[in-house]
Amino acid sequence: MTRNILHSSLLNASFSIFFQIFCRLITFTINAFILRNVESEVLGIMNVRLLLLESTLLFFSKESITRAALSSTTQEKNKCNWAQLVNQMWITVPMCCILSLPCLYIWLNFLSPVDEAYESAYRFGCYAMGFSCIFELTAEAPAFIGQVFCFVKLKVILDTLHIFIRSVVFIVLVMNNKDIAIYAFGIAQLTSCLTIILGNYGFFYFYIKRLTIYRNDRKKNDNDENQIVKKFGPYYENMNDFPFTSVHDMVPGVIKNSGSIFNSDLNKLVLSFIKQGVLKQVLTEGERYVMSVSPVLSFSQQATYDIVNNMGSLAARFIFRPIEDSSFFYFTQTIARDIDLQEQKKEKVKEASQVLRNVCKGVTSIGLIGFVFGQSYAGTVLLLYGGHDFVAGGLPELLLRWHAFAIVLLAVNGITEGYMFATNTSKQIDTYNYYMAIFSVTFLILSYQLTNFFGPVGFILANCCNMGLRICYSFSYIRKQFKNMDENPLDGLIPGRIFITILIASGVACKYSEYEILPYSMLYHVLFGGLFTFITLLSWGYENKHLLIIAYQKFCSRSKSD
């Protein structure tokens with residue numbers, strides 16, 4: 001495979017960030033509409049209970065399989081053939097069917113009950129989530145193929161359409177009848193999953209037909225290669241290893257298989273990721289599980305926490321997560337899991353170290369900016385979003401300020417843990433699973449206890465403690481791996497002196513604005529913060545000119561290739 005993995009990862013991250021911003025704007029617009037037109041208890045049922053069911057089913061059905069399969073496509077060590085990979089990806093469908101039975105039973109019978117007025121709609125919503133997850137996973141094979149062969153725009157565009165269609169269907173139904181919000185939520189989910197299925201299979205149907213024409217033209221006109229590439233575009237170049245001749249090949253048992261149905265080495269890695277996935281899901285969605293199992297918060301309080309939590313984790317969702325996913329893909333394709341770094345190609349190890357250092361510097365700087373400015377603008381953002389009634393009492397503002405602190409830890413944990421997962425051997429993953437078990441139990445205990453003492457803020461404090469433990473473990477792994485190398489990628493976590501000085505000064509100035517300017521004019525307060533944000537970004541750019549030059553060069557090269 002001669003495609004540029006680093007370029008693909010960077011392109012995937014940039015497109016993901018752009019479209020994630022677009023998607024989140026749509027989502028927040030809908031939530032703002034619901035907040036003003038639908039009861040908060042309904043919002044808690046949809047955004048906490050039902051989305052937790054979707055997250056649980058999709059994560060446990062596909063996460064471990066996809067991550068293990070990505071590792072098997074690395075250039076250094078192919079673990080299995082494409083027939084086995086396709087079979088592996090289709091396991092996600094029966095897995096989801098099996099998982100949906102106990103999950104639906106638990107969601108309908110064992111979790112804290114909903115009000116009788118919403119019981120019928122809640123039952124429909126649960127079934128709708130289960131069926132939509134099963135349908136969506138029937139497209140997991142082409143989605144995985146698109147990721148491996150660097151079709152970076154495909155997944156991002158389809159995810160965007162998925163969100164957009166779900167949003168439009170939901171808004172239309174709710175505007176006609178506000179009392180059917182939960183029914184509308186389920187119907188919109190079922191409708192939008194068709195986007196993923198039709199989009200993935202439709203793309204490869206037309207792409208494979210055109211790729212066949214491209215290959216035939218290449219054979220007839222060997223001397224006119226540049227002209228042929230110009231005619232067909234860059235997505236058909238360097239695709240000699242693309243093994244599919246029809247979308248039927250993406251169905252299990254169709255493509256020729258010289259080996260066993262499933263690869264034993266890959267299955268071992270899948271089992272390791274399953275163990276890890278259970279613990280990671282508990283850590284990721286732990287507060288929602290606690291809220292759902294134990295009635296520590298009412299559905300109205302859950303809705304408030306979820307809204308603020310979504311706002312507080314904006315950076316994690318549309319900046320850190322795309323960067324983490326793209327970095328994971330890049331590191332899996334660059335660093336071999338089972339070979340010591342000293343025995344691998346020095347150029348690739350050095351490149352991977354520089355990428356890790358630069359990404360650490362970028363996400364840490366973003367996290368620090370979010371923390372500093374979040375202390376002065378949390379109340380303003382919530383007031384504009386939810387209105388005076390929503391911010392009354394001060395709880396939403398307090399939650400968002402604590403989330404601003406958690407952003408820094410999210411930034412560091414995401415990239416360091418992502419690198420660790422991408423380069424761990426099966427044995428190392430199993431070892432980490434024991435630590436994850438300790439982290440998970442600690443997190444759940446802290447969540448329950450701290451919530452009883454501090455209310456919803458306790459969830460954020462428990463998350464901070466959990467991320468701190470995971471960061472320490474990731475640091476230890478990375479230092480140990482690069483111990484005998486002339487590289488220390490964790491240096492990127494240390495901000496520059498000029499940047500940190502300007503950032504502190506900006507924080508003080510914006511606090512002054514919050515107390516002295518905001519009571520008289522919200523507009524001037526916002527403009528004041530915008531000015532200091534611009535100054536802070538300028539200071540970062542001055543200290544990191546080389547990164548801006550690299551980004552500019554990548555952008556120019558992408559524009560020329562397009």
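- Residues Phe482 and Ser353 share a closest heavy-atom pair of CE2-CB, 3.8 Å.
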For Leu43 and Ile307: C-alpha separation, side-chain torsions, deciding distance, then whether side chain to side chain contact (heavy atoms under 4.5 Å, CB included) applies. CA-CA 9 Å; Leu43 189 59; Ile307 291 170; 3.3 Å; yes

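- Checked by atom type and distance alone, the side chain of Ser112 never pairs as donor or acceptor with a backbone atom of Val293 at under 3.5 Å.
- For the pair Phe299/Val48, no side-chain contact is recorded, criterion being any heavy-atom separation below 4.5 Å from C-beta on.
- Paired with Phe459 under the rule ring pair (Phe, Tyr, Trp, His ring centres under 6.0 Å), one option of Tyr289, Phe453, Tyr305 passes, and it is Tyr305.
- Taking the six-membered ring for Trp and thresholds of 30 and 60 degrees, Tyr419 and Tyr477 have ring planes inclined between 30 and 60 degrees apart.
- When all heavy atoms are compared, the tightest approach of Leu52 to Glu285 is CD1-CB, 3.8 Å.
- In terms of modelled atom types and a separation under 3.5 Å, the side chain of Ser476 and the main chain of Cys472 share no donor-acceptor contact.
- Side-chain atoms of Glu543 come within 3.5 Å of backbone N or O of Ile498 as a donor-acceptor pair.
- For the pair Ile163/Asp159, no side-chain contact is recorded, criterion being any heavy-atom separation below 4.5 Å from C-beta on.
- A cation-pi contact links Lys545 to Tyr542, judged by a cut-off of 6.0 Å to the six-membered ring centre and 45° from its axis.
- A 4.5 Å side-chain heavy-atom check between Arg49 and Trp107 finds at least one atom pair inside the cut-off.
- Looking at Pro396 and Thr304, their side chains come closer than 4.5 Å, going by heavy atoms from C-beta outward.
- In this structure, CD on Gln281 lies 5.0 Å from OG1 on Thr56, to the nearest 0.5 angstrom.
- A pairwise comparison of heavy atoms in Leu450 and Ala462 identifies CD1-N, 3.8 Å as the closest pair.
- Screening Leu446, Thr451, Ile445 against Gln449 for a side chain to side chain contact (heavy atoms under 4.5 Å, CB included) leaves a single residue, Ile445.
- Atom OH of Tyr448 has 12 or fewer neighbouring heavy atoms from other residues, nucleotides or ligands inside a 6.0 Å radius.
- Across Ile407 and Gly367, no two heavy atoms sit closer than the pair CG2-CA, 3.6 Å.
- The environment of Phe59 atom CZ is dense: over 12 non-hydrogen atoms of other residues, nucleotides or ligands sit within 6.0 angstrom.
- Under a 3.5 Å cut-off, the side chain of Thr92 and the backbone N or O of Met89 do form a donor-acceptor pair.
- Under the side chain to side chain donor-acceptor pair (under 3.5 Å) criterion, Ser100 pairs with no residue at all, not counting sequence neighbours.
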Step by step, would you call Val363 with Val412 a side chain to side chain contact (heavy atoms under 4.5 Å, CB included)? CA-CA 7 Å; Val363 297; Val412 176; over 6 Å; no

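- The line from CH2 of Trp402 to CD1 of Ile460 is 8.5 Å long, rounded to the nearest 0.5 Å.
- The distance from the CG atom of Leu50 to the OG atom of Ser55 is 12.5 Å, given to the nearest 0.5 Å.
- Checked by atom type and distance alone, the side chain of Asn413 never pairs as donor or acceptor with a backbone atom of Leu409 at under 3.5 Å.
- The CG atom of Leu382 sits 11.0 Å away from the CG atom of Leu398 when rounded to the nearest 0.5 Å.
- The nearest pair of heavy atoms linking Gly370 to Ala404 is O-CB, 3.7 Å.
- When Phe373, Trp540, Phe371 are each tested for a side chain to side chain contact (heavy atoms under 4.5 Å, CB included) with Leu503, only one passes: Phe373.
- Taking the salt bridge (charged side-chain N to carboxylate O under 4.0 Å, His left out) definition, one finds that Glu63 meets it with Arg67, sequence neighbours left out.
- A 4.5 Å side-chain heavy-atom check between Phe499 and Leu368 finds at least one atom pair inside the cut-off.
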Begin with the C-alpha distance, continue with both residues' side-chain angles, and end with the deciding distance and a verdict on side chain to side chain contact (heavy atoms under 4.5 Å, CB included) for Thr442 and Asn466. CA-CA 8 Å; Thr442 304; Asn466 160 54; over 6 Å; no

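- Of the possible donor and acceptor atoms, none in the side chain of Tyr435 sits under 3.5 Å from a partner among the backbone N and O of Tyr473.
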Would Tyr432 and Arg470 count as a side chain to side chain contact (heavy atoms under 4.5 Å, CB included) here? Give the steps. CA-CA 10 Å; Tyr432 185 59; Arg470 290 161 66 180; 3.8 Å; yes

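- Contact annotation: the side chain of Leu137 never approaches that of Met95 to less than 4.5 Å [non-hydrogen atoms, C-beta and beyond].
- Looking only at side-chain heavy atoms (C-beta outward), Lys62 and Cys96 stay at 4.5 Å or farther from each other.
- In this structure, OG1 on Thr536 lies 6.5 Å from CD1 on Ile369, to the nearest 0.5 angstrom.
- For Lys346, the NZ atom counts as loosely surrounded, since its 6.0 Å shell holds 12 or fewer non-hydrogen atoms of other residues, nucleotides or ligands.
- Rounded to the nearest 0.5 Å, atoms CD1 (Ile494) and OG1 (Thr364) are 10.0 Å apart.
- Screening Met291, Glu287, Arg288 against Gln302 for a side chain to side chain contact (heavy atoms under 4.5 Å, CB included) leaves a single residue, Met291.
- One N or O on the side chain of Tyr377 and one on the backbone of His525 form a donor-acceptor pair closer than 3.5 Å.
- With Ser513 contributing its side chain and Ala509 its backbone, the two residues share no donor-acceptor pair below 3.5 Å.
- Pro489 places a side-chain heavy atom less than 4.5 Å from the side chain of Ile478.
- The heavy-atom pair separating Cys510 from Ser376 by the smallest distance is C-OG, 3.4 Å.
- In this structure, Arg401 pairs ionically with Glu514, as a charged nitrogen and a carboxylate oxygen lie closer than 4.0 Å.
- For Phe532 and Phe528, the ring centers are positioned less than 6.0 Å apart.
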